[in-house]
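All values below were derived from every heavy atom in this structure, side-chain atoms included, with hydrogens, water molecules and symmetry-related copies excluded.
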Amino acid sequence: MAIQWFPGHMAKARREVTEQLKLVDVVFELVDARIPYSSRNPMIDEVIKDKPRVVLLNKMDMANLNETKKWMSFFETQGFYPVLIDSKNGKNLSQVTKAAEIVTKEKFERMKQKGLRPRAIRAMIVGIPNVGKSTLINRLAKKSIAKTGNMPGVTKKQQWIKVGKTLELLDTPGILWPKFEDQTVGKKLSLTGAIKDSIVHLDEVAIYGIEYLQLRDLATLNKHYNINVEQDIPYIEVFDAIGKSRGLKLKGNEIDYESVVELIIRDIRNEKIGKYTFDHISMLEASDEE
């Protein structure tokens, strides 16, 4: 699944982030807690460089907590300040401001020593499309300011937003990289809704989801669809079992595979089967050994 998707507004957004970086004290990097590695933009590190950074793992309620804890430790070792949040339901958002105060403390102390007047912390929010930036901003500002939507790429331009007297946020359009070198990353992004369905092969995404569940949570998979499949059987047999169990058939009693694919993706995205983290720390350890 070779995905190439880099609209002009995203290229422009990268330039704007680079230009505006000097205006902010801290960067909030928003990632999806279900895919905390795959939902990070590979270009972000080279753009942000040494600017203080808070990594916000959003959609914490949809991820596997044990795996999330491992990723929190990983980000700490990278020199970032990780915070778990659920922007949709407003959970843990008080920690966002606290984190900003912690990572900018030295800078503001130096400003105070120089006799400069205190001001709000200026923060930039960056992240790939549909990871929840606009929802987070509206929650922090306690009013509807940023546009929200389930489709990737809703935010199209930058805007400064005040959050009380403590924070000023610079919202930025979602930035996605030009090409996914790792096809699995593309499947994970699609499975969690970060990529428009129209630009991917949904059958490949559903296959990835089913094979993940077969390997990681077979009992729950069988229970959810009222089926009885083994871990090592081909995905097509799992599709057949789900189609039969849910009555997804065409004329002639053939399985309606398109409906099966849509059902699997919808169930995983909407947390109908369980809470999953599709990125595992072990994948980083494996890449280091190569």
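By the criterion of side-chain heavy atoms lying less than 4.5 angstrom apart, applied directly or through intervening Ile, Leu, Val, Met, Phe, Trp or Tyr residues, I233 is grouped together with I264 in one hydrophobic cluster. L57 and L65 fall into different hydrophobic clusters, where Ile, Leu, Val, Met, Phe, Trp and Tyr are joined by side-chain heavy atoms under 4.5 Å apart, directly or via other members. I236 and I265 fall within a single hydrophobic cluster, where Ile, Leu, Val, Met, Phe, Trp and Tyr are joined by side-chain heavy atoms under 4.5 Å apart, directly or via other members. Cluster annotation: L218 and Y235 are assigned to the same hydrophobic cluster (Ile/Leu/Val/Met/Phe/Trp/Tyr, side-chain heavy-atom contacts under 4.5 Å, transitive).
Side chains of F75 and Y81 form no contact here, defined as non-hydrogen atoms less than 4.5 Å apart. Contact of the L30 side chain with the I85 side chain is registered, since non-hydrogen atoms from C-beta on lie closer than 4.5 Å. The shortest distance between side-chain heavy atoms of L250 and Y257 does not fall below 4.5 Å. Side-chain contact between I255 and K244 is present, with heavy atoms from C-beta onward closer than 4.5 Å. The shortest distance between side-chain heavy atoms of L56 and V96 falls below 4.5 Å. The closest side-chain heavy-atom distance from L167 to L169 is below 4.5 Å. At least one side-chain heavy atom of L136 sits less than 4.5 Å from a side-chain heavy atom of L93. Residues I35 and T277 have side chains not in contact (no heavy-atom distance under 4.5 Å, counting atoms from C-beta outward).
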In a table with atom names and distances, give each donor-acceptor pair under 3.5 Å that connects a side chain of residues 98-122 to protein atoms at least two apart or in another chain.
unit_1 : atom_1 : unit_2 : atom_2 : d
T104   : OG1    : A100   : O      : 2.7
K107   : NZ     : D25    : OD1    : 2.6
R119   : NH1    : D25    : OD2    : 2.9
R119   : NH2    : D25    : OD1    : 2.9

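Interatomic distance, OH of Y208 versus CD1 of I268, reported as 9.0 Å (0.5 Å rounding). Note that CD of E237 and CD1 of I210 are 13.0 Å apart. Values are rounded to the nearest 0.5 Å. Atom NZ of K88 is separated from atom CG of N138 by 14.0 Å, given to the nearest 0.5 angstrom. Here the CD1-CG distance, from I207 to D203, works out to 5.5 Å after rounding to the nearest 0.5 Å. Atoms CD and CE, on E271 and M62 in that order, are 5.0 Å from each other to the nearest 0.5 Å. Distance CG/D256 to CZ/R246: 14.0 Å, rounded to 0.5 Å.
The heavy-atom pair separating T68 from L84 by the smallest distance is CG2-CD2, 3.1 Å. Among all heavy-atom pairs drawn from K162 and A141, the shortest one is O-CB, 4.1 Å.
Within the 3.5 Å criterion, the main-chain N or O of F74 finds a donor-acceptor partner in the side chain of T77. At distances below 3.5 Å, at least one donor-acceptor pair connects side-chain atoms of S39 with backbone N or O atoms of D32. Judged purely by atom type and a 3.5 angstrom limit, W71 uses its side chain to pair as donor or acceptor with the backbone of D279. Of the possible donor and acceptor atoms, one in the side chain of R269 sits under 3.5 Å from a partner among the backbone N and O of S190. Although no hydrogens or angles enter the test, the distance criterion places a donor-acceptor pair under 3.5 Å between the side chain of N64 and the main chain of N66. A donor-acceptor contact shorter than 3.5 Å links the side chain of T192 to the backbone of L189.
A donor and an acceptor atom, one from each side chain of S245 and N226, are nowhere located under 3.5 Å apart. Neither side chain, D217 nor Y212, offers a donor N or O lying under 3.5 Å from an acceptor on the other.
Note: Y276 and F278 have tilted aromatic rings, judged against thresholds of 30 and 60 degrees for the angle between ring planes.
The only option from V163, T135, T166, I161 that meets the side-chain contact (heavy atoms from CB on, under 4.5 Å) definition with L140 turns out to be V163. Checked options I125, V55, I44, V126; the residue passing with V27 is V126 (criterion: side-chain contact (heavy atoms from CB on, under 4.5 Å)).
Sorted by first then second residue, the side chain to side chain donor-acceptor pair (under 3.5 Å) pairs that include residues 51-63, not counting sequence neighbours, are E29-R53, D45-R53, N58-S87.
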